[in-house]
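Heads up, the thing below is written out as structure tokens.
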Amino acid sequence: MDTPTSARGIDVGAFTRNTNDGTFSKDLTFARLSDLKVPVEIKVSNLEGKIKRKTLSETLANPATRHAQMQTDGVSDLFVTIQLYSKGRALTLPFQTGTKAFKPDRYVWNSTIQLPILYASLPQDAQLAITLWDIEAPGKAAPVGGSTLELFNKKGTLKRGQQRCYLHPRVKADPTAESVTPSDVFQDDELGRLLRLVKDYERGDMARVEWLDVLVFRQIEKIQAREVERTDKLFLYIDLPRFDFPVVFAEQEANLPLPPQPIPNLLGAPVPSPLPPNFLASDPHLWRIYDPETVRVRADGEGNPVEAKYRRLARSHRTGRGDRELKPGPEMRDLLNDLFRQPPTYDLSPEDKDIIWRYRFSLHTFKRSLTKFLKSVTWSDAAEARQAVEVLLPLWTEVGMDDALELLGPGFEDGRVRAFAVKQLARADDEELQLYLLQLVQALKFEVKSTQLRKTVDQRAKPQRSRNSSNTSMKTSKAVSEEDSGLADFLIERAARNAVLGTVFHWYLMVECEDKVIGKMYARVAFQFMQKLVGLENGSDRRDTLKRQGEMIALLSTKAKELRASKDPRPKKIDKLRTYIADSKHGLSTLQAPLTLPLNPRVQVTGIDASRSSVFKSNLLPMLLWFETEDSDYPIIFKNGDDLRQDQLVIQLFTLMDRLLRRENLDLKLSPYAVLATGQTEGMVQFVPSKSLAAIMGEYGSLLNYLKVDHANEGAIGTLGVEPAVLDTFIRSCAGYSVITYILGVGDRHLDNLMLSPDVDFGYILGRDPKPFPPPVKVCREMVDAMGGPQSPHYNRFKSLCYTAFIGLRKNANLILNLIALMVDANIQDIRLEPDKAVLKVQEKFMLDIPEEDAIKHLEVLLNDTSYLTLMFDKVHTLAQYLRE
């Protein structure tokens, strides 16, 4: 069965019904249909069953169908039509999937249809008329079967998720109020029962046991295959969007019958009459009683004295001396290894925690076991916490950098645990440490000791953490040590020893100092860093350099604001900028002494070339500044009014992934440009001269022609007339770009901001895209044509490089996920929209829940998926750009 595309996260107004004691239940949280102002979307997934066509002799006897049969040779040309009705009246025109030729026994569309009507406009009796058609002859189609699907259930709740629609044979769908083609008949077979249980599972109504769930779903697939073999019924699977909450047509108020008035007896005393027999025996979904303990009790049993007592007895840490010699057997080792392979977001169940604790003395021999072990500790129990930190934690001598970074996240508050993580970071050299520095500066937020400040940070981070998540098991209590982990001292020490690292560290701190909530804490760290420099041999020079950098950025920022506020035309703004830079009183055209460039601390600049500096024509009017060095020029873009922290994060992850791939001996010729946010609304970007694909296509007709301009080699064999090294670089960089942007969910990729040199911004990440129907993997047709087309050996090599890169990054998924998790509270534009889903969105791209071979097959499908709608929106964008100019 195909997994339906998730449509969660659509912004709808949710309301919550309260129980009498003020507690809440997820079952009582709904969204109103009137708030769902998005188009109706249906995905035609696949067909279950076998289509019986006419025999060959019957077909050949009909001249109209003889030629079609001879051409298809057993291949079915099928398409599906969908039309929305209400009370037999059509609300939309019929829409259909593309006609596809299917081999017998495999009918898969995976085609999405968007109807031109909003969910908020749907009547409660809305129903879809779905008909499957088979092309029997040119211009002639016959119905294979029809089905009518009601969009709302009997309680007025919008249906969601996968729907199994029975196709009534050889008839069109009947859209009348008393339809004779209902979709829900013949659903009481074994497969129908299992699929209803799957829906309960997807809604979270059933407990999840990861290893068992995999086995169960495999058995369901086998049962499905068996049912298809022995039945002649056809079922069409339709996927409806899954929203965050159940969507109700209208909130219905309960109309309870009032009890009758008391009837006085002979003595005048009122005698209450018995209530009607159906007074309390109404709809079972109307009356629900919730135990408040199920809401207040945490997953580890904390808060319920019975559960807490059971946990203490089960773990028996005071009398568990025999546990020191306890070793897991083969089956238990497999179970533990499976737990330790789970991603950082995995929630350990109470049973998982008990198993891990039982074998705690031998866990240090397991790879990647430390973080899961620490999550299994009941930190409110002083004796258990002491044993975990003082006896067991020292057994782990070394852990990976990914685990060390996870221990510095918000889920681990014990200072001794965090201090252990800091010691592990000390093993990284300065170059590697710089790759993690952005996140380590963010980790300082979780070192805060002030109660009020900690409460503020926790409130900002609250959407990230689930109430029952195992990541929050380390609640502040007397058992949790609040001693300083030494993270700030460690960063200050390393930044003071290395000038390049120190410059980057300084500007990361300067950005955080602008935060109104925790800016003072970062200001104290910045002050301590400056004090540390005083004691160094060249400390005064380095402090002076940082001061001069700040003064230069202040001058550029002031001028950028002035140009943005000015009503002058662009040519006059350029003249004003050049005059300002050339004026000697500002000290920009010729610096008093070479200055380390904040954007790239390895570059010493001597001034700015005023004659070549300019102003771009975009909305924020960023400035192009040509810095001069002793050897060459270093052009940068200075932006004011734009938050570059998101671009800075993406480029940092690009650089990290490039290094990870090089460790795997895979060089994809990636050259990430430099980005530095010098404030929350300003920063610098390295300017790399390049041409957009739209400009190249307009001037040269194709990418291949452009590559031949300066790198033609007609004598080269099998390289399409291009120098082999140039074509190799192009293919490798396209593969690296495609995989990394897929993992990070980079959006807004069209021909105007796809560059042959990477100097574009990253205004959309984590799946956000201003265009509808964006492809998951950003490979445009122009790139494929430059490789010789989809059937060429160069394109096959491109796909092979994509697979190798994806598997190489998949091996380091935990490191990437932990780095993103540390940025959840960093106020990054696209992360703050859904902070609780940021890490999960990237984790979903890695497909960690399926084997490596299946992940590659899925990526292959994504690479081969060409979206014609994407091509259309690129054309629309090009027209819009033309009209704007």
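Computed from a predicted structure; not experimentally measured.
- Y237 pairs in a side chain to side chain donor-acceptor pair (under 3.5 Å) with only one of the listed residues (E48, Q163, Q162, K43), which is E48.
- Looking at R242, its side chain never comes within 3.5 Å of a backbone N or O of G161 through a donor-acceptor pair.
- For the pair F243 and L158, the minimum side-chain heavy-atom distance is below 4.5 Å.
- With hydrogens and angles disregarded, a donor-acceptor distance shorter than 3.5 Å links the side chain of K159 to the backbone of E150.
- Under the rule for a side chain to side chain contact (heavy atoms under 4.5 Å, CB included), the partners of A129 that lie at least two apart in sequence or sit in another chain are Y85, A173, P175.
- No side-chain heavy atom of P94 sits under 4.5 Å from any side-chain heavy atom of I82.
- The backbone N or O of I828 lies less than 3.5 Å from no partner atom in the side chain of R645, so there is not a single donor-acceptor pair.
- Between S738 atom OG and L862 atom CG the span is 11.5 Å, to the nearest 0.5 Å.
- Side-chain contact check for Y119 versus V247: every heavy-atom pair is 4.5 Å or farther apart.
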Discussion item. Using the rule given for side chain to side chain contact (heavy atoms under 4.5 Å, CB included), can you reason through V108 versus S45, listing the C-alpha separation, both sets of side-chain angles and the distance that settles it, and then say yes or no?
Written reply: CA-CA 6 Å; V108 180; S45 182; 5.9 Å; no
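- Rounded to the nearest 0.5 angstrom, F95 CZ and T81 OG1 are separated by 12.0 Å.
- With values rounded to the nearest 0.5 angstrom, I820 atom CD1 is found 7.0 Å from I831 atom CD1.
- Here the closest non-hydrogen pair linking Q646 and Q829 is OE1-CB, 3.3 Å.
- At least one test fails for K233 against the ring of Y166: distance under 6.0 Å to the centre or angle within 45° of the axis.
- In this structure L840 satisfies the side chain to side chain contact (heavy atoms under 4.5 Å, CB included) test together with T345, Q843, sequence neighbours excluded.
- Rounded to the nearest 0.5 Å, atoms CG (N46) and CD1 (I238) are 9.0 Å apart.
- Shown here for F249 and L33, the closest heavy-atom pair between the two residues is CD1-CD2, 3.5 Å.
- Judged by distance alone, with hydrogens and angles left aside, the side-chain atoms of T741 form a donor-acceptor pair with the main-chain N or O of Y737 at under 3.5 Å.
- The closest donor-acceptor contact from the side chain of K87 to the backbone of D125 lies at 3.5 Å or more, if one exists at all.
- The line from CG of L93 to CG of L84 is 11.5 Å long, rounded to the nearest 0.5 Å.
- Within the model, atoms CG of D849 and CD of E844 stand 9.0 Å from one another, a figure rounded to the nearest 0.5 Å.
- Considering all non-hydrogen atoms of both residues, V80 and L236 come closest at CG1-CD2, 4.0 Å.
- Taking R170 as the reference, nothing meets the side chain to side chain contact (heavy atoms under 4.5 Å, CB included) condition, with sequence neighbours excluded.
- A 6.0 Å sphere centred on CD of Q96 holds more than 12 heavy atoms belonging to other residues, nucleotides or ligands.
- Within the 4.5 Å cutoff, the side chain of I42 has heavy atoms near those of the L115 side chain.
- Using a 4.5 Å heavy-atom cutoff, the side chains of H168 and V185 are in contact.
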Discussion item. One pair to check against side chain to side chain contact (heavy atoms under 4.5 Å, CB included): V44 and I130. What are the steps and the verdict?
Written reply: CA-CA 10 Å; V44 181; I130 306 167; over 6 Å; no
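- Residue L118 comes nearest to P39 through the heavy atom pair CD2-N, 3.7 Å, listed as atom of the first residue, atom of the second, then distance.
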Item to complete: Show your working on side chain to side chain contact (heavy atoms under 4.5 Å, CB included) between V144 and L47 and close with a plain yes or no.
Response: CA-CA 12 Å; V144 177; L47 182 70; 6.0 Å; no
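- For F806, the ring pair (Phe, Tyr, Trp, His ring centres under 6.0 Å) criterion is met by no residue, not counting sequence neighbours.
- With contacts defined as side-chain heavy-atom distances shorter than 4.5 Å, the pair D643/T681 does not qualify.
- Summarising the local packing, NZ of K172 is surrounded by 12 or fewer heavy atoms from other residues, nucleotides or ligands at distances under 6.0 Å.
- The side chain to side chain contact (heavy atoms under 4.5 Å, CB included) search around D174 returns T176, S179, V180, T181, not counting sequence neighbours.
- The shortest heavy-atom contact between T131 and P143 is CG2-CB, 4.2 Å.
- Side chains of L91 and P123 form a contact here, defined as non-hydrogen atoms less than 4.5 Å apart.
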Discussion item. Please evaluate residues V842 and I743 with respect to the criterion side chain to side chain contact (heavy atoms under 4.5 Å, CB included), reporting the C-alpha separation (whole Å), side-chain torsions for both, the decisive distance (0.1 Å), and the verdict.
Written reply: CA-CA 6 Å; V842 179; I743 290 174; 4.0 Å; yes
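- Q127 meets the side chain to side chain donor-acceptor pair (under 3.5 Å) test with no other residue; sequence neighbours excluded.
- Of all the heavy atoms in L863 and C802, the pair that sits closest is CD1-CB, 4.0 Å.
- Looking at heavy atoms from C-beta onward, L151 lies in side-chain contact with L240 at the 4.5 angstrom threshold.
- Using the six-membered ring where Trp is involved, F79 and W133 have ring planes that are parallel, under 30° apart on the 30 and 60° scheme.
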